[in-house]
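Numbers for residues simply follow the sequence, beginning at 1. As the structure lists them, so they are numbered: ligands from 1, and atoms in each ligand from 1.
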Amino acid sequence: YLCTSVNSYSSGSLIKTPYDVQANNQEHDSPTSTHQIRSVQHGSPCFIYTLAFFSALGGFLFGYDTGVVSGAMLLLKREMNLSSLWQELLVSITVGAAAVSSLAGGYLNGLFGRRICILLASFIFSAGGIIMSVAHNKEVLLCGRLTVGLGIGIASMTVPVYIAEVSPSELRGQLVTINTLFITGGQFVASVVDGVFSYLPHDGWRYMLGLSVVPAALQFLGFLFLPESPRWLLQKGDTQNARLVLSRIRGGVNVDEEYESIRSSIEEEKIDAGEGPVLWRILTFAPARRALIVGCGLQMFQQLSGINTVMYYSATILQMSGVQDDQMAIWLASATAFTNFLFTLVGVWLVERVGRRKLSLGSILGTAVSLMVLAAGFLLSAQASPPVTFHPNDPSLHNSTCITYRFCESCMLNPDCGFCYGKNGTAVVESSCMPVDVANTEAAAAGRCSNGTQESAGVFWAFNYCPTSYSWIVLLGLVLYLAAFAPGMGPMPWTVNSEIYPLWARSTGNACSAGVNWICNVLVSLTFLHVAQYLTYYGAFFLYSGLALLGFVFVVGCLPETKGLRLEEMESLFGRQLCSCGAGGSQSVHYIRVNGGNCRSDEDVTDDE
Ligand SMILES: O[C@H]1[C@H](O)[C@@H](O)[C@H](O)[C@@H](O)[C@H]1O
């Protein structure tokens, strides 16, 4: 049999099969496992944690820069008099730039290494932060947002790869997951900074956007002193430095076996890798192609299950459940970000205990169910939507579409309109649908709910939501969603992608999957309002729930368990037809690499089986 993976391993065996891998996985669960032996071998993980911390600052910046903009926009649109086109541009240019630069990051990683790419990303982050904080017009601000986007893209694909490559296998999952913890931590800190500086209506946005320079500079300084990934050094033929770095990050213990294992696997990969551009080689080499499908699929389903609409619209969801004050909604949105962060911490704790596969499965199923709860909440709210009962006789309103709506639900789904109503006990009375004041969405453009007249008139203004008694279900759905999504589907796509590719395909594989993540992110966030207008809120969330269920089927069929395996052992997991990856280890293919042998196509594998 031709396709092999040779490993000199702590067990001493030279040729390792997935049966051994499986056995090794099981050993991990017992207290006296190889796990412990390896930990002892790897010495103090202190240096590894330092590396992971400085790398994960890239994740923090990713979270901070994507999260801070919503709060900054509230102040900016007033101060710079931004049209909705400019608002959309300023929000989405960062994500768009991240999509492009994450794809380019694959090339840069292969060429310059992980360390230089992280240095480059932190330099770009710092430059972007400075540009934004001193911007005197919207064009300069746009340049700043574009610049940070370029940094985010490079960091998002490089950091997980770097952490995975320097970590010992028993800590790898946890350490890469810490990067996602930092992403959600960055989102939380951003929401707190937004809250604090929202009290500073003039120039508050400069602090919000500019503060990211601090962690970016810290990361840049840290990485001036931190080493390159030993795997990349070895791949480039710098054997001396590779051994030195490996021994340094393993706390000075003997690294001969690990070094030999990486070296021999790189030698063999040279045979596997073939000729031509890397992406072409990935697509034509079955195990790498399958890994790419799994990696991109996971990233796609992460975004299609709607995390960023839930995060972005959490303030609205919370307003629906009765929070009427804008400032209060900003603080509650940071409670949402905190919940996301807290449950990602659960993921860090679980990943090496239950493994990536079970964690992803449980998480995506829970996500689908909680999206149904969220949708049901919106559905009940829509059915109980109060009717329009009051028709003001203001001539300036005659051309407005808002006055044509007969229920709050349809009024609220038009971003130009809001619902103005009075209360009799808990009942909604004298309600009308009015155009919103474009400069300040907290009031109507005219009538009883316009600026300054609301309180004296004893009326309430609901923009983006309807007063309803079912909103607690929506709130419950939101909390359940975060509890289900954050430990698994939030971090696992990043973690799994950092480990499943062979070294020659790792940069390109991660670049593609990170690109898919960002592209789907843009697609979902840009289409959400339109989808909600066509399908209503509950339709949109039922749709996301259906997509999450599809994702569940995908994970069941395609995601193998990578826990406890060395990076060099991953290729064996993708030796079989794709949709049987999860079919249990007892049917694993034996991989025995014979020098000069090659494994090229699905047919080869089947024949050999
Ligand atoms: O893994 C992260 C995390 O879940 C974030 O909360 C989300 O905003 C990102 O889009 C995602 O990639």
Is there a side-chain contact between Val524 and Tyr544, using heavy atoms and a 4.5 Å cut-off?
yes
For Met492, the option from Thr180, Thr177, Leu298 that meets side-chain contact (heavy atoms from CB on, under 4.5 Å)
Thr177
Report the relative orientation of the aromatic rings in Phe62 and Trp518; use parallel for angles under 30°, tilted for 30 to 60°, perpendicular for over 60°.
tilted
Between ligand 1 and the protein, find all N/O pairs closer than 3.5 Å and give the distance for each.
unit_1	atom_1	unit_2	atom_2	d
ligand 1	1 (O)	Gln302	NE2	3.1
ligand 1	1 (O)	Gly490	O	2.8
ligand 1	1 (O)	Trp494	NE1	3.1
ligand 1	6 (O)	Gln187	OE1	2.9
ligand 1	6 (O)	Asn340	ND2	3.2
ligand 1	8 (O)	Gln187	NE2	2.8
ligand 1	8 (O)	Asn308	OD1	2.7
ligand 1	10 (O)	Gln303	NE2	3.0
ligand 1	10 (O)	Asn308	ND2	3.0
ligand 1	12 (O)	Gln302	OE1	2.9
ligand 1	12 (O)	Trp494	NE1	3.2

Pairs involving residues 342-362, ordered by first then second residue, that meet ring-ring contact (aromatic ring centres under 6.0 Å, His included) (sequence neighbours left out)
none
ring-ring contact (aromatic ring centres under 6.0 Å, His included): pairs with one or both residues in residues 164-193, sequence neighbours excluded:
Phe53-Phe182, Phe188-Phe338
Asn497: what forms a side-chain hydrogen bond (donor to acceptor under 3.5 Å, both in side chains) with it, not counting sequence neighbours?
Tyr501, Ser513
